[in-house]
Novice: 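First the structure, which I've put down as structure tokens, then a few questions once you've had a look.
Atoms within each ligand, like the ligands themselves, are counted from 1 in listed order.
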Amino acid sequence: MWLLVACLCAGHARAEDGYDLWLRYRPLPAAQADAYRGRATQLVAGTSTATQAAIRSELLRGLGGLLGRAPALSDRVTHDGAVVVGTPASSPLVAGLHLDLRGLGREGYLVRSAVVDGHAATVIAGNTDVGVLYGAFRFLRLLQTAQPLDRLDLRDRPRVKLRVLDHWDNLDGSVERGYAGASIWDWWTLPDELKPRYTDYARANASIGINGAVLNNVNADPLVLGHAYLEKAAALAGVFRPYGIRVYLSVRFSAPIELGGLKTADPLDPQVRRWWREKADEIYKRIPDFGGFLVKANSEGQPGPQDYHRSHADGANMLAAALAPHGGVVMWRAFVYANKPGEDRTKQAWDEFKPLDGQFAANVLLQVKNGPLDFQPREPFNPLFGAMPKTRLMMEFQVTKEYLGFATHLVYLGTLYREALSADTMARGPGSTVAKVVDGTLDGHALTGIAGVANIGADRDWCGSVFNQANWYAFGRLAWDPTLSARAIAEAWTRMTFGNDAAVVRPVVDMMMGSREAAVDYMTPLGLAHLMGHGHHYGPEPWDASGPRADWTPVYFHRADHDGIGFDRTATGSDAVAQYAPPVAREFADLGRIPDRYLLWFHHVPWTYRMRSGRTLWDALVRHYTQGVDDVRRMRETWAGLKGHVDDERYRQVASFLAIQQREAQWWRDACLAYFQSLNGLPLPAGYAPPAHPLKYYQSLSFKYVPGYSAW
Ligand code: BDP
């Protein structure tokens, strides 16, 4: 009986259900573990603060798991192979080494081989506990990814100050655009019940350097600022604090009316200003390190300062004034397209915000989506980057895959993020990359930020699929250092997630690296955008023209008819191209120079238009759609080849999701081609299979219960 129980427990402990994320700490192969064991014989680490305790427990857990034996705890170094951890203030041993910690800032660390009391040791040090925590995770990553541990001399610090996950979680437990189950926050049982999952969430974030969490949806419920919810938020803040993570809240601009009983939310009204000041004071009493507010205003029906004929700057600055005495910030979103109905939707944010450059208070960041539309599979960079030198612009990426097949499509977003970050705005001459706007170096801003709309829910595997975890991971790593390579990040994640076997790592990384282009190809190739199903954004609906707003419908975006396709955003059309710096505008406006990937974003061309390849546009489009499906088929084959190399549980999940993805990729291709063909009447190029069904079939599909649905 006992044996049975022991076996069951051991089996359970080893189950690969994805809960452990990339912090699995499974035993390394014997040879590797033996080689490392001599480098982790003792652990000298303090426990006088909560962060120090977290560091110590993570190292014991990680090293114990990876090496099969945890290092002995000690307060002195008596053997070779000790790991010595701390700040000069917390550890006399670290202080005695007189390490050069200048330049590491508050969150940086070094991991370095050293001689301590005559013995070879590894030192993990920083100026603060949190810096050391990041260093500890870096050290563990070295082991997890099979890197050498001798002659270490690693120094690192984040390039971006606020590295934040935005949860679009509602107080009723649902998640807008969430595909991983209900909200991770169990608002109902908070603040009493502090689930271990909250701590594991904090560990995972700290391991990749994320230092902020906006707890609730940008379409915010005013109630979150009520006493009860502030207490719940404070409880979460208490769990996250040791891990260097601050809590932020999304606020509804009209909260002074709904919650405070005032008649107005006019940002220049003294009573309104007092209400926000007092609210901020109350929050900081409960959460002394509260991060600040995230605001969606005058966008998609949300209230905002324009309701009172005030500007976005008036609104943001009023909130900023309430938070400033406490050191909080306002993250004010630039995702607006309400003001000029009829105007090209992609132009509206620039039109509204660019004139406000220089008017925002010092603790306001303008949070700008990576592209000018809305998290599409591919967009050119948002022209606001580079256009507002006197404003702190922060990046907003989407980690949840609202427009990329939800949880079941394998789409690695590291490549999408890198594409956006490495785009050259040319705003201050060549090399003015989006990354330099975001990390503040282009225009000399110290307050910088990057946000990712989280893909996390209450599902056991957190993200709705194993591979979606890679997008949380990649987001965090790039928020820390926007110049990292997407491939290197994918490789590190793969090693930590599936082990270091080259027979697994190689094919998995290749699969990830090609996956986003595959999705672009089977959904929206050559610069097309927003062909997704109405409202829920599931599947293709390029024929949809149903309203209530033209600029929520695919036909608005692709503008296809009998003769051609594409949105003319050059001077003959909406002239959105003029929002870019002149060299970029010239390139995008020039049919001879624009990269194929943006062609139909900026140009309306005939179906018979000759691409640089010599093919007609129609042929090229058919090829891309077909290529996308072929790529997914190959991903499936690659994965099938890994059977037996990956544990059954995760193998099966990925295999069945890839089957869904292949079916849906085919659906996307066939539905889009059937529709476009119904307009242009052109035959498919030779050798390309016709859609499996007539157009009517695709148009007849409708879906009632789609996850993550919201009216927007
Ligand atoms: C869109 C989503 C919608 C969000 C909106 C936003 O469809 O659910 O509320 O973005 O970012 O992509 O505010």
Side-chain angles (χ1 to χ4, degrees), residues 164-172 174-180 183 214-221 224 248-253 293-304 306 312 315 331-339 345-346 348-349 352-353 365-379 382 384 394-407 411 413 416 420 449-455 457 471 475 523-524 529-539 541 544 546-549 551-554 556-557 703 706-712:
V164 180
L165 280 178
D166 290 358
H167 291 265
W168 284 359
D169 293 21
N170 298 313
L171 303 187
D172 66 2
S174 63
V175 181
E176 180 153 335
R177 312 308 181 182
Y179 312 103
S183 171
V214 183
L215 300 180
N216 61 317
N217 192 355
V218 286
N219 298 314
D221 188 326
V224 80
Y248 299 73
L249 293 174
S250 292
V251 300
R252 186 168 163 91
F253 199 77
F293 296 147
L294 172 62
V295 193
K296 173 175 178 177
N298 293 119
S299 167
E300 296 185 331
Q302 295 298 321
Q306 291 174 345
H312 282 287
M331 299 180 295
W332 190 270
R333 296 179 86 225
F335 178 69
V336 299
Y337 57 93
N339 245 17
R345 185 174 141 183
T346 67
Q348 297 192 32
E352 274 194 56
F353 282 98
L365 297 113
L366 196 60
Q367 182 166 306
V368 180
K369 289 188 181 181
N370 58 286
L373 180 52
D374 193 5
F375 298 140
Q376 294 303 296
R378 169 164 281 132
E379 296 188 36
N382 195 316
L384 278 170
M394 69 185 280
M395 171 63 85
E396 179 174 339
F397 283 129
Q398 199 175 42
V399 189
T400 189
K401 301 207 307 298
E402 173 183 358
Y403 294 100
L404 282 144
F406 300 176
V411 182
L413 297 176
L416 186 160
I450 176 163
V453 179
N455 63 353
N471 293 331
F475 167 72
M523 290 182 175
T524 52
H530 220 310
L531 307 185
M532 293 76 191
H534 193 92
H536 51 58
H537 301 154
Y538 174 60
E541 243 178 58
D544 174 55
S546 62
R549 302 176 55 127
D551 57 6
W552 284 359
T553 64
Y556 170 90
F557 289 106
F703 304 92
V706 181
Y709 182 71
S710 127
W712 311 115

Novice: Does a side-chain heavy-atom distance below 4.5 Å link Y709 with F703?
Specialist: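 Not in contact.
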Novice: Between E300 and Y337, do the side chains contain an N or O donor and an N or O acceptor separated by less than 3.5 Å?
Specialist: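 There is such a pair between these side chains.
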Novice: Specify side chain, backbone, both or neither for K296, according to which of its non-hydrogen atoms lie closer than 4.0 Å to ligand 1.
Specialist: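 Only the side chain of K296 comes within reach of ligand 1.
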Novice: Please identify each residue that fulfils side chain to side chain donor-acceptor pair (under 3.5 Å) with Y538, with sequence neighbours left out.
Specialist: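 Testing Y538 for side chain to side chain donor-acceptor pair (under 3.5 Å), a comparison that skips the adjacent residues, returns E664.
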Novice: Which is closest to atom 10 (O) of ligand 1 by heavy-atom distance: K369, E396, R333?
Specialist: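 Considering heavy atoms of K369, E396, R333, the nearest to atom 10 (O) of ligand 1 sits in K369.
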Novice: Would you please name every residue forming a side chain to side chain contact (heavy atoms under 4.5 Å, CB included) with V214, sequence neighbours left out?
Specialist: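 V214: side chain to side chain contact (heavy atoms under 4.5 Å, CB included) contacts with V164, D166, N216, Y248, S250, L294, M331.
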Novice: Ignoring hydrogens and angles, tell me if any N or O in the side chain of E379 forms a donor-acceptor pair with the backbone of L373 under 3.5 Å.
Specialist: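 Side chain of E379 to backbone of L373, a donor-acceptor pair under 3.5 Å: yes, one is there.
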Novice: For E402 and ligand 1, does the shortest N/O to N/O distance drop below 3.5 Å?
Specialist: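 Yes, there is a polar N/O contact under 3.5 Å.
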Novice: Work out which heavy atom in K296 is nearest to a heavy atom in N219; give both atom names and the distance.
Specialist: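 Result for this residue pair: NZ-OD1, 2.8 Å.
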Novice: Within the 4.0 Å heavy-atom shell around F335, which atoms of ligand 1 are there?
Specialist: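 Those of ligand 1 that fall under 4.0 Å from F335 are 5 (C), 6 (C), 10 (O), 11 (O), 13 (O).
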Novice: Which atoms from ligand 1 have a heavy atom of D374 less than 4.0 Å away?
Specialist: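 Per the distance check, 1 (C), 10 (O), 12 (O).
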Novice: Check each atom of ligand 1 against the heavy atoms of E300 and keep those under 4.0 Å away; list them by number with element.
Specialist: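 Answer for ligand 1: 4 (C), 5 (C), 9 (O), 13 (O).
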Novice: For R177, counting its heavy atoms only, list the atoms of ligand 1 lying under 4.0 Å from any of them.
Specialist: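 Under 4.0 Å from R177, ligand 1 has these atoms: 2 (C), 3 (C), 7 (O), 8 (O).
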Novice: Using a plain distance cutoff, I'd like to know if Q398 has any nitrogen or oxygen under 3.5 Å from a nitrogen or oxygen of ligand 1.
Specialist: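 Not met; the criterion fails.
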Novice: Answer side chain, backbone, both or neither: which part of V453 comes under 4.0 Å from ligand 1, heavy atoms only.
Specialist: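 Contact part for V453 vs ligand 1: neither.
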Novice: With no hydrogens and no angle check, is any side-chain donor or acceptor of N382 less than 3.5 Å from a backbone partner on K369?
Specialist: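 Checked: pair present.
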Novice: Short list, please: which atoms of ligand 1 are under 4.0 Å from a heavy atom of H537?
Specialist: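 By the 4.0 Å cutoff, the relevant atoms are 7 (O).
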Novice: Which label fits H530 and F557: parallel for a plane angle under 30°, tilted from 30 to 60°, or perpendicular past 60°?
Specialist: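 The arrangement is parallel - the two ring planes meet at less than 30°.
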Novice: If the cut-off is 4.0 Å to any non-hydrogen atom of Y403, which atoms of ligand 1 fall inside it?
Specialist: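 Within the 4.0 Å cut-off of Y403, ligand 1 contributes 7 (O), 12 (O).
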